[in-house]
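Shown next, in structure tokens, is the structure this report addresses.
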Amino acid sequence: MMDKSLLYQIIALVVNNIGSLGSGIGFGYMGPYGQQIMLELGMDDSLHSWLVGSVSIGGLMGCLLAGKLADIIGRRRSSLIYFSINIIGWSLVTFSISSTMIFCGRTLHGLGEGMAVVITIIYLGELTQERYRGGAIASLTVAACFGIALAYLLGVFFPWRVSAGMVALLNFVTMICLTTLPESPLWLATNNKLKQGLEALEKIGASSDAEELQNALTESKVIDEPSTIQTGISFATIISTVIPPLLLFLFPISGVYSVSFFAIHLAESMHIGHPAAVAIAVGLMRTLGAFIGTGFVQRFGRRKSMIISAGLTTLFLISLFFLLLAKSLKFPIPEAIFNWATVILLLVTMFASSLGMAPVPWILAGEWPAFTHKGLVGTIGTALFYISVFLASQLTGFLQQALGLPGMFLVFALNGFIYVGLVVIFVPETNGKNYQQFVNEAKA
């Protein structure tokens, strides 16, 4: 018979991963279904990119609300709220009869999914036993990447309304499972409910983490006490609070999200056969990269992982630029070779970007800032990430029209080059320490 505490750990992992999976589905949904929806609802083609980006608008609002809400009412109740919002949003999409209704639905489930991005990291991290925490949190990135691929898979088998209804049902079932979980032990302890916090630790089989809970409680009390120490802004503070959000902003506009959003459209524009299959392969390759990336970061560290990942991604994007440029200049490239080369370069670009570019900025946002700045950095970083995702949804069509496909991939490559430069100059290997602690140890 399964141990009860292990069951709670599994439920916590599944519930929070489905929350993260939902954000991926929301991002990828318009890829396979965009043209169907525009046609059935009689929408103008100029609204397509706005319908894609509406999820990011909602997500931006959600991530700005989520952190504070989770601190005030708790992680569990905040999770119940975002699942409820997701259900309403996807239900509106399912039964949409007008462009206004589907815009409202997309924005609403984007709001819930933006909240989920913030809350799942906090809640799962505080419910999972310390020895499993790193892998558990890393699984959220894998789930989000798979969500985009899953949206394309659903597009192969189901109409858009059926898929939206299935996502709403998935959120409902998951919300029911969420009710079986306890509140975060850390949140309970820091809200003058230490006894309940220790009981929650016992429930999830993490009583060995009681010392960590006591230390966190002591630290939070010290932080809350009025201090007469001068709080000047140091260079280390600037680096630790600026660089992680900046990297989170740069990643989506490096081309990865543009390819994810418009994989079918781009494949058709490149005259590649079987565009839907290419789109699914791109999403699955990104998921594989995210899965392998968890071990890659563990093996090579934060700095090397980002340099290798961003360097390879930039190289592959430049290769796509030259390949598409040669095709546009009527170089005699056999159609089969062009198709295979383009598909392979798209796949390895998605894989390479997931090894370090995608996960490490989130890790740095959690590790680098001082305790008092973590909430602020997390909120700003997630907000910038959603702004960048929205820009990616709008820039793709503009760049393709203004510069052509070769020029678009060249711009993406330049963004990748900037990313590499920032990492080389400003990101040392800190090995899990916060930035100020790393600087102090380096001086010593």
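Computation of the quantities below employed the complete heavy-atom set of this structure, encompassing side-chain atoms and omitting hydrogens, waters and symmetry-equivalent molecules. Quick note: residue numbers are just sequence positions, from 1.
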Separation between CE of M38 and CD1 of I102, rounded to the nearest 0.5 Å = 9.5 Å
Could you go step by step and tell me if W90 and F95 meet the ring pair (Phe, Tyr, Trp, His ring centres under 6.0 Å) rule?
-> CA-CA 9 Å; W90 282 108; F95 300 107; over 10 Å; no
What distance separates M115 CE from I81 CD1, expressed to the nearest 0.5 Å?
-> 6.0 Å
For the pair T287 (side chain) and F146 (backbone), establish whether a donor and an acceptor sit closer than 3.5 Å, ignoring hydrogens and angles.
-> yes
So, N17 and S139: side-chain donor and acceptor under 3.5 Å apart, yes or no?
-> yes
G112 and Y82: which non-hydrogen atoms are nearest, and at how many Å?
-> O-CB, 3.5 Å
Side chains of M306 and L247 in contact at under 4.5 Å (non-hydrogen atoms) = yes
G416 and T314: which non-hydrogen atoms are nearest, and at how many Å?
-> C-OG1, 3.2 Å
Derivation and outcome, side chain to side chain contact (heavy atoms under 4.5 Å, CB included), residues T107 and V55 | CA-CA 5 Å; T107 304; V55 163; over 6 Å; no
Flag the pair V427 / I243 as yes when at least one side-chain heavy-atom distance between them is below 4.5 Å, and no otherwise.
-> yes
Does a sphere of radius 6.0 Å around CD1 in I97 hold more than 12 heavy atoms from other residues, nucleotides or ligands, not counting ones at 6.0 Å or beyond?
-> no
Close side-chain approach of M101 and L92, heavy atoms under 4.5 Å = yes
Using modelled atom types only, decide if a donor and an acceptor are shared between the side chain of E113 and the backbone of G59 within a distance under 3.5 Å.
-> no
State, without any angle test, whether S79 and Y123 hold a side-chain donor-acceptor pair at a distance under 3.5 Å.
-> no
Between CD1 on residue I380 and CG on residue L248, distance to nearest 0.5 Å | 11.5 Å
Evaluate the side-chain proximity of I25 to I148: yes if any heavy-atom separation is below 4.5 Å, no if none is.
-> no
Are L399 and L403 close enough, and set up right, to give a side chain to side chain contact (heavy atoms under 4.5 Å, CB included), and what steps lead you there?
-> CA-CA 6 Å; L399 289 174; L403 304 174; 3.9 Å; yes
Could you check if a side-chain atom of N86 sits within less than 4.5 angstrom of a side-chain atom of V167, using non-hydrogen atoms only?
-> no
Could you tell me whether a side-chain N or O of R302 sits under 3.5 Å from a main-chain N or O of L364, the two making a donor and an acceptor?
-> no
Check for a donor-acceptor pair, side chain of E183 on one end and backbone N or O of R76 on the other, with a separation under 3.5 Å.
-> yes
For the residue pair I253 and A392, what are the closest heavy atoms and their distance?
-> CG2-N, 4.3 Å
Main-chain N/O of S96 paired with R161 side-chain donor or acceptor, under 3.5 Å = yes
Steps toward side-chain hydrogen bond (donor to acceptor under 3.5 Å, both in side chains) verdict (S91, T94) | CA-CA 5 Å; S91 297; T94 303; 5.5 Å; no
When the ring planes of W50 and F390 are compared, do they come out parallel, tilted or perpendicular, using 30° and 60° as the limits?
-> tilted
Side-chain donor-acceptor pair under 3.5 Å between W368 and Q436, yes or no?
-> no
Side chain R75, main chain A70, donor-acceptor under 3.5 Å = yes
Tell me, yes or no, whether the heavy-atom count around F291 atom CZ, taken from other residues, nucleotides or ligands under 6.0 Å, exceeds 12.
-> no
State, yes or no, whether a side-chain contact exists between L391 and F249 at a heavy-atom distance under 4.5 Å.
-> yes
In this structure, CH2 of W362 is separated from CG of L140 (nearest 0.5 Å) by 11.0 Å
Parallel, tilted or perpendicular: which describes the rings of F27 and Y386, with under 30° parallel and over 60° perpendicular?
-> tilted
Here the pair of heavy atoms bringing A164 nearest to V93 is CB-CG1, 3.7 Å
Supply the atom-to-atom distance L108 CG to F103 CZ, rounded to the nearest 0.5 angstrom.
-> 14.5 Å
Under 3.5 Å donor-acceptor, S309 side chain and G356 backbone | yes
Check whether any side-chain N or O of R106 sits under 3.5 Å from a backbone N or O of G26 as a donor-acceptor pair, and report yes or no.
-> yes
Does any N or O in the side chain of S388 come within less than 3.5 Å of the main-chain N or O of L384, such that one atom is a donor and the other an acceptor?
-> no
Before giving the answer on side chain to side chain contact (heavy atoms under 4.5 Å, CB included), spell out for L41 and S99 the whole-Å C-alpha distance, their side-chain angles and the decisive distance to 0.1 Å.
-> CA-CA 6 Å; L41 297 182; S99 58; 5.6 Å; no
Would you tell me whether W160 and Q35 have side-chain atoms, one donor and one acceptor, within less than 3.5 Å of each other?
-> no
Reported CD1-to-CG distance for the pair I87 and N171, which is rounded to 0.5 angstrom | 5.5 Å
Distance-only, no hydrogens or angles: does the T180 side chain make a donor-acceptor pair with backbone N or O of I176 under 3.5 Å?
-> no
Using a 4.5 Å cut-off on heavy atoms from C-beta on, say whether the side chain of T382 contacts that of L60.
-> no
Locate the shortest heavy-atom distance separating V377 from A365; write the atom from each residue and the value.
-> CG1-O, 4.1 Å
Please walk me through it: do F412 and T349 pass side chain to side chain contact (heavy atoms under 4.5 Å, CB included)?
-> CA-CA 11 Å; F412 292 156; T349 297; over 6 Å; no
Answer whether the closest heavy-atom distance between the side chains of P32 and L154 falls below 4.5 Å.
-> no
Kindly indicate, with the supporting measurements, whether the criterion side-chain hydrogen bond (donor to acceptor under 3.5 Å, both in side chains) is fulfilled by Y33 and S163.
-> CA-CA 10 Å; Y33 291 123; S163 290; 2.5 Å; yes
Side chain to side chain contact (heavy atoms under 4.5 Å, CB included), paired with N16, selected from I11, L178, L124, T174 = L124
What heavy-atom pair brings Y419 and M357 nearest, and what distance separates the two atoms?
-> OH-O, 3.1 Å
